There are 2 protein chains.
Amino acid sequence: MLFTYILYTKNLLLSIKNHFDFFGFWCKIELIPLTLTLKEVIKISRSSFVTIKDIAEKAGVSVNTVSRALNDKPDINPQTKEKIEKIAQELGYVKNVYATMLKSNVTHTIGVIMSDSSNPFFSEVFKGIDKAARENNYQIIIMNSEGLYENEEKFLKTLLERRVDGILLFPMQKSYEDIQELIKEHFPIVLVGREIDGWNVDEIFSDEEKGGYLATKYLIEKGCKKIKMITDQLYNSASYGRLQGYKKALKEKGLAFSENDIKICEGIHEGYHVKAGYDKTMEMIRKKEEFDGIFCYNDLIAYGAIKALKENNLKISQNVSVVGYDDIAFSRLIEPELTTVKVKKFEMGYEAFQMLYKRIKSKQRDNSSTRKVLDVELVVRNS
Amino acid sequence: MLFTYILYTKNLLLSIKNHFDFFGFWCKIELIPLTLTLKEVIKISRSSFVTIKDIAEKAGVSVNTVSRALNDKPDINPQTKEKIEKIAQELGYVKNVYATMLKSNVTHTIGVIMSDSSNPFFSEVFKGIDKAARENNYQIIIMNSEGLYENEEKFLKTLLERRVDGILLFPMQKSYEDIQELIKEHFPIVLVGREIDGWNVDEIFSDEEKGGYLATKYLIEKGCKKIKMITDQLYNSASYGRLQGYKKALKEKGLAFSENDIKICEGIHEGYHVKAGYDKTMEMIRKKEEFDGIFCYNDLIAYGAIKALKENNLKISQNVSVVGYDDIAFSRLIEPELTTVKVKKFEMGYEAFQMLYKRIKSKQRDNSSTRKVLDVELVVRNS
DNA sequence: CTGTTAGCGCATTCAT
DNA sequence: ATGAATGCGCTAACAG
């Protein structure tokens, strides 16, 4: 074990390092020059970061001269500035942004709460956020709620403690109270990927109904007579919208809607989408339900469905057609290549940050709000 | 447009909100009680966060009583505590961690720099980091370097400015100077996924040579006589190690090694791995190079290779066998299911954080370092 | 052009 | 059990 003691006597500063072991100990005594005060020594022993005060002392100027020099403020002698910059360089000075933040009340940080950043859909959206944030010199604290409301709540608090300038939230449809609280306070927040009716808050999301409509219409026009839909929990606007589109297309084409054709995934865990798609399809086959088309809530579910169909020797696109949603990168790699609804993932993230940024910048904390709807399109491939 | 002015007169504080529009403007005058000072009003207009001072005033106690109450310190009257907690609740108090950090010099934040968090390999590793960090109540600031050294350098600085307690870095093999600087200063840092010889720094990485060896040996034992390797840039330890393993297996089985069998991907951009795997394979076919096996640096490259082989009507596993690396989730979904080297991705992230945490906690900033090697295994599937 | 001073929000002695 | 005072590192207002 290693201990460090610091003693202050009238004219001597001792730093004693004792190395103990089972058989005794020895100690090493270091003399520290008297120019350092006790406080400074403590500081040194605690943290190795150099402060503007250190620079100021070394340069023989005041701290604020250093501050001005390092922040490119006017009213400074070029030579002084140069000298200070040189010393800062030598000492390896790195600004402590916390001190700055404490004064300025601005952190240049946003919080991002999503359910699972390793899900390809989210990670594409995140890329957009990341890009936009970097361009504006903003940092990101990311939190994965794993779809759990408790986490969402906890993270929200953590982010506020960190005084993020704003928050991008991919909400579970359940979380109402705390978010509404924030909105009431006009805290900068943008809801991403979900539409929440009647709230006075900035939102960006896809035209889900159109997506569901396009997918279903495509299946019908391809000749499908009985189209199943495998969807996610129905209490979020995305699945709701896609379902509406599905219904709309059925109605338009004169096909009957049946509750039994809607299969809802349950459980949230690592890779559950693929598994759910697989399980639901297997179940439909086992129960000998008739169907010649499946509209899946997302591509991952579609992968699972395709896997199940293959295992039962059903020909994709001939016996059963499958349409996914999102158009993640892998949908071009699986066999057959997946027909899917393309969502502007990167744009969603990029735009979301822009909206948040605008909100942060405008001191205007009023009751107006903007909502942006992103267009979707059908990508026809071989499924 | 909406402007807010604050006027301070001898006995009157005016907050004037002027609503301009094209046709004129009107203004609303609010009287603010004299108990507030100008400074306080400015504060209110600037930030809506309540401080312990606000609570103290409302509770009629001192700030430190509030501080003690809220931090579960001893020496406090239970009733006072309860009262303070209630007021804090009412006012919607959220602690400003920056102030705390400024005092404590501890941020409970780590920085993570990786090349692309949307790459499935990295996102799995990140999950492990995230899990471990949450368990220890640490926050994460993540940065995507996009494989660019300039970014890595810049981000490192940003993270230091943010006074992260430690850094997890997935290094490009190029970046030496600045990292070494940090290591010399005994700043807590753990290098993840890459082994760097001769550095005195904590590292965690996979047994790359074993992975390359297992993959190649498998191909040979399956009957392959001419095995190509499509790899990434060779200046990182991962590709180097896998190449060594490849060579070792060839030698052991009496097959000749040829420089021409090593195909190196170039370019770094969105989805370049898949494309590179595809391009390199197409090129080999076009040039009529002979081969009956491909060992790919990662699964993404393997997907591209498989796509190219299929397009040329080559039967995977019969005409040409393919082995990938990493075993990302999608390798079970493509057709044929990919034989690959399974890497402990989640564990790598999880352990990496543990190592960093240990380093952060032990004030001991000495010259010792630990390196952890994770085992790999071959997962035989149908390619 | 530069130094002095005050204060951001909080936690920590040290008194009382 | 509670309050007063101090300082973390930095910036900004003000004075010289």
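For clarity, every value in this text was computed on a predicted model and none was experimentally measured. Letters go in sequence order (proteins before strands), and every chain restarts at 1.
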- Message: With each end axis built from five pairs of C1' atoms, what bend angle do you get for the helix from dC1(C)-dG16(D) to dT16(C)-dA1(D)? Round to 10°.
- Response: 40°
- Task: Name the nucleic acid region contacted by I52(A), choosing base, sugar-phosphate or nothing; use a 4.0 angstrom heavy-atom cut-off, strictly under.
- Result: base
- Query: Can you find a side chain N or O atom of K73(B) that sits less than 4.0 Å from OP1 or OP2 on dT12(C)?
  - Reply: yes
- Message: Whether T65(A) contacts dG3(C) is assessed here as follows: a side-chain N or O lying under 4.0 Å from the phosphate OP1 or OP2. Is that the case?
- Response: yes
- Message: Please find the pair of heavy atoms, one from L191(B) and one from W199(B), that lie closest to each other, and give the distance.
- Response: CD2-CE3, 4.2 Å
- Message: Tell me whether E161(B) is salt-bridged to K157(B), with the criterion being a basic N under 4.0 Å from an acidic carboxylate O.
- Response: yes
- Task: Would you indicate, yes or no, if dC10(C) has its OP1 or OP2 atom less than 4.0 angstrom from a side-chain nitrogen or oxygen of S67(B)?
- Result: no
- Query: Rounding to a whole Å, what distance do you find between D75(A):CG and dA15(D):C1'?
  - Reply: 13 Å
- Rounded to whole Å, the CE-P distance (M101(B) to dC10(D)) equals 16 Å
- K154(A) vs E150(A), salt bridge (Lys or Arg N to Asp or Glu O under 4.0 Å): CA-CA, chis, key distance, verdict: CA-CA 6 Å; K154(A) 203 173 83 189; E150(A) 310 89 84; over 6 Å; no
- Query: Any luck finding a side-chain donor-acceptor pair between D202(A) and S369(A) under 3.5 Å?
  - Reply: no
- Query: Rounded to whole angstroms, how far apart are NZ on K53(B) and C1' on dA5(D)?
  - Reply: 14 Å
- Could you state the CZ-P distance from F49(A) to dG9(D), rounded to the nearest angstrom? 11 Å
Solution key, residues 69-79 of chain B side-chain donor-acceptor pairs under 3.5 Å, sequence neighbours excluded:
from: N71(B); atom 1: ND2; to: S67(B); atom 2: O; distance (Å): 2.8
from: D72(B); atom 1: OD1; to: K81(B); atom 2: NZ; distance (Å): 2.9
from: N77(B); atom 1: OD1; to: Q79(B); atom 2: N; distance (Å): 2.8

- With the threshold set at 4.0 Å, does a side-chain nitrogen-carboxylate oxygen contact exist between D130(B) and R134(B)? yes
- Query: Taking for each residue the nucleotide of DNA chain D bearing the nearest heavy atom, is the 5' side occupied by A99(A) or by N64(B)?
  - Reply: N64(B)
- Query: Looking only at N and O atoms, is any donor in the side chain of K103(A) or the base of dG9(D) less than 3.5 Å from an acceptor on the other one?
  - Reply: no
- Query: How is N96(A) classified with respect to the nucleic acid when contacts are heavy atoms under 4.0 Å: base, sugar-phosphate, or nothing?
  - Reply: sugar-phosphate
- Which is true for N77(A) with a 4.0 Å heavy-atom rule: it touches a base, it touches only sugar-phosphate, or it touches nothing? sugar-phosphate
- Message: Parallel, tilted or perpendicular, judged at 30° and 60°: which one describes the rings of Y357(A) and Y138(A)?
- Response: perpendicular
- Would you classify V97(A) as touching base, sugar-phosphate or nothing, given that sugar-phosphate means primed atoms plus P, OP1 and OP2, and contacts are heavy atoms under 4.0 Å? nothing
- Rounded to the nearest Å, what distance is computed from the NZ atom of residue K95(A) to the P atom of nucleotide dC8(D)? 19 Å
- Message: Is Y93(A) close enough to dC10(D) that one of its side-chain N or O atoms is under 4.0 Å from OP1 or OP2 there?
- Response: yes
- Message: Just N and O in the side chain of S62(A): are any of them under 4.0 Å from OP1 or OP2 of dG3(C)?
- Response: yes
- Message: Considering every strand and a 4.0 Å limit on heavy-atom distances, what is the contact class for T100(A): base, sugar-phosphate, or nothing?
- Response: sugar-phosphate
- Message: Measure CG/L102(B) against P/dT11(D) and give the value in whole Å, please.
- Response: 12 Å
- Which whole-number value in Å describes the distance from N105(B) CG to dC10(D) P? 11 Å
- Item | Length of the line joining H108(B):NE2 and dA11(C):P, which is rounded to integer Å | 13 Å
- Note on the structure: Comparing nearest nucleotides in DNA chain C, the 5'-proximal residue of the pair V63(A), T80(A) is T80(A)
- Query: Any ion pair linking E82(B) and K86(B) (charged N to carboxylate O, less than 4.0 Å)?
  - Reply: no
